[in-house]
A.B. asks: 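Can you keep this structure in mind? I'll have questions shortly.
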Protein chains: 2
Amino acid sequence: MNTEERIKKQKQLIETMGQHYEKEGMQPVAGRTLALLMVMDKEEFTFDEIVEELQISKSSASVALKLLQVKNIVEYKTHPGDRKRYFRIKRQEPFLLIDDFKQKLTRDKQILEEIIELKADPNSENSQFMKNLISIMEFFLDHFEKLKEEFLKKD
Amino acid sequence: MNTEERIKKQKQLIETMGQHYEKEGMQPVAGRTLALLMVMDKEEFTFDEIVEELQISKSSASVALKLLQVKNIVEYKTHPGDRKRYFRIKRQEPFLLIDDFKQKLTRDKQILEEIIELKADPNSENSQFMKNLISIMEFFLDHFEKLKEEFLKKD
DNA sequence: TATTTAGTTCGGAACAAAGTAAACTAAAAA
DNA sequence: TTTTTAGTTTACTTTGTTCCGAACTAAATA
């Protein structure tokens with residue numbers, strides 16, 4: 001695959017990833033901005049480069065970049081004697097995806113527990129079904145930390 | 001806690017859960033409908049009962065229930081000689097939440113792999129960071145089935 | 001056959017979200 | 001001090017979502 005072809009595929013991938021992030025609730029421009037920073041070979045983009053690459057207005061870029069920074073996904077560096085900001089993806093805690101799922105499980109479990117607490121009959125079919133779900137959630141929550149340790153030991 | 005108080009708390013919980021499902025991308029009425037079927041003591045609601053409980057129009061109820069059925073979260077039974085549909089939450093595969101996360105991990109991993117494939121330098125900082133993420137994803141994907149088996153053996 | 005019941009579908013109003021252009025700000029350069 | 005640079009904020013437009021009422025359909029009952 002030659003360079004031109006690769007770059008074309010990278011730009012297609014940015015569009016695909018943008019749609020992927022949209023499905024996860026991210027704003028279209030924010031999703032494409034994040035994808036740009038992940039996909040392209042260049043690892044640092046200035047504000048104007050992002051505006052130029054994605055063909056968006058400065059205001060959209062400003063809003064999207066602010067959002068990505070608040071979400072802790074993107075950061076910028078500055079270089080002395082250069083007023084431009086160099087944006088790049090933030091190298092996050094690598095277990096972040098797992099920890100996010102743990103948090104979701106924890107929250108969902110809390111809700112189920114609150115439902116059970118308010119049931120007139122804690123042995124109704126729905127109650128029993130939910131109790132089973134809760135026990136699965138607890139089991140996985142308990143074992144995630146062990147899996148993390150195992151992963152780190154493995155090499 | 002007396003019955004009246006309990007029912008009041010159940011209705012509050014429906015609102016809270018509705019907002020929770022909205023954040024996950026569900027339509028407001030659909031989220032509240034699902035919450036109603038999960039929270040209340042009654043385990044089967046007719047169309048009219050749902051309209052009445054949630055104070056919504058028949059059209060909203062119709063759209064929300066169709067969505068929940070397409071998503072495979074809610075189902076209905078009918079009783080012979082009774083044209084009404086009795087809606088209830090579907091007792092799904094209890095590992096569904098885990099399997100959904102597995103699917104998300106799988107999809108996210110695919111995207112990262114595609115990014116790496118298109119990189120000019122597969123050892124750039126971003127590439128290395130993403131490769132580490134991929135190896136974590138693979139590790140967890142591999143171990144989820146074992147955890148499921150362990151959970152089932154446990155009792 | 002006419003009416004009632006149990007929902008579905010259509011059309012539109014109200015509101016929210018996402019993007020733009022243009023005005024603005026704050027810091028650096030001339 | 002004035003101008004330029006690098007973005008931010010504001011006001012507005014476009015687009016999309018969500019809901020409702022009213023008209024409709026299909027099956028059962030009278």
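Just so it is clear: chains get the letters A, B, ... in the order the sequence lines come, proteins before strands, and each one is counted from 1. Values reported hereafter were calculated over all heavy atoms of this structure, with side chains retained and with hydrogens, waters and symmetry mates removed.
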A.B. asks: Could you list the residues that satisfy side chain to side chain contact (heavy atoms under 4.5 Å, CB included) with B/Asp108, not counting sequence neighbours?
C.D. replies: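 Counting only residues at least two positions away or on another chain, B/Asp108 forms a side chain to side chain contact (heavy atoms under 4.5 Å, CB included) with A/His20, A/Glu24, A/Leu97, B/Lys104, B/Met137.
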
A.B. asks: Using side chain to side chain donor-acceptor pair (under 3.5 Å) as the criterion, list what pairs up with B/Arg83, not counting sequence neighbours.
C.D. replies: none

A.B. asks: Rounded to whole angstrom units, what separation is found between the CG atom of A/Asp48 and the C1' atom of D/dA6?
C.D. replies: 7 Å

A.B. asks: Taking atom P of C/dA6 as reference, at what distance in whole Å does atom CZ of B/Phe45 sit?
C.D. replies: 17 Å

A.B. asks: Salt bridge check: are B/Lys148 and B/Asp99 linked by an N-O gap of less than 4.0 Å?
C.D. replies: yes

A.B. asks: So with a 6.0 Å cut-off around CD of A/Glu93, is the heavy-atom count from everything else above 12?
C.D. replies: yes

A.B. asks: Does A/Phe45 have any ring-ring contact (aromatic ring centres under 6.0 Å, His included) partners at least two apart in sequence or in another chain, and if so, which?
C.D. replies: none

A.B. asks: Which parts of residues 11-22 of chain B get close to DNA chain D, meaning a heavy atom less than 4.0 angstrom away?
C.D. replies: none

A.B. asks: Give the B/S/- string for nucleotides 16-30 of chain D, one per nucleotide from 5' to 3', where a protein heavy atom under 4.0 Å of the base yields B, of only the sugar-phosphate yields S, and otherwise -.
C.D. replies: --SSBB----BBS--

A.B. asks: Using a strict 4.0 Å threshold on nitrogen-to-oxygen distance, state whether A/Glu15 and A/Lys11 make a salt bridge.
C.D. replies: no

A.B. asks: How long is the line joining CG of A/Leu65 and P of C/dA18, in whole Å?
C.D. replies: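 Taking CG of A/Leu65 and P of C/dA18, I get 16 Å after rounding.
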
A.B. asks: Any carboxylate oxygen within less than 4.0 angstrom of a Lys/Arg side-chain nitrogen, looking at B/Glu5 and B/Lys8?
C.D. replies: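 No, this pair does not count.
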
A.B. asks: Report each atom pair, protein N/O against N/O of nucleotides 11-15 of chain D, whose distance is under 3.5 angstrom.
C.D. replies:
none

A.B. asks: Does a side-chain N-to-carboxylate-O contact under 4.0 Å join B/Lys9 and A/Glu114?
C.D. replies: no

A.B. asks: Figure out the CD/C1' separation between B/Glu49 and C/dG7, and round it to whole Å.
C.D. replies: 15 Å

A.B. asks: Tell me the interatomic distance from A/Lys84, atom NZ, to C/dA26, atom C1', rounded to whole angstroms.
C.D. replies: 17 Å

A.B. asks: Return the value, rounded to whole Å, for the distance between atom CZ of B/Arg85 and atom P of C/dT5.
C.D. replies: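 Checked: the CZ to P distance equals 17 Å.
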
A.B. asks: Relative to each other, are the rings of B/Phe151 and A/Phe139 parallel, tilted or perpendicular (30° and 60° limits)?
C.D. replies: perpendicular

A.B. asks: To the nearest Å, how far apart are A/Phe47 CZ and D/dT5 P?
C.D. replies: 16 Å

A.B. asks: Group every Ile, Leu, Val, Met, Phe, Trp and Tyr by side-chain heavy-atom contacts under 4.5 Å, then state whether B/Leu152 and B/Phe144 land in the same group.
C.D. replies: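 Both belong to a single hydrophobic cluster.
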
A.B. asks: D/dT8 P sits how many Å from A/Phe87 CZ, rounded?
C.D. replies: 6 Å

A.B. asks: So that I can tick it off, tell me whether B/Asp41 and B/Arg6 are bridged by a salt bridge, with the cut-off set at under 4.0 angstrom between side-chain N and carboxylate O.
C.D. replies: yes

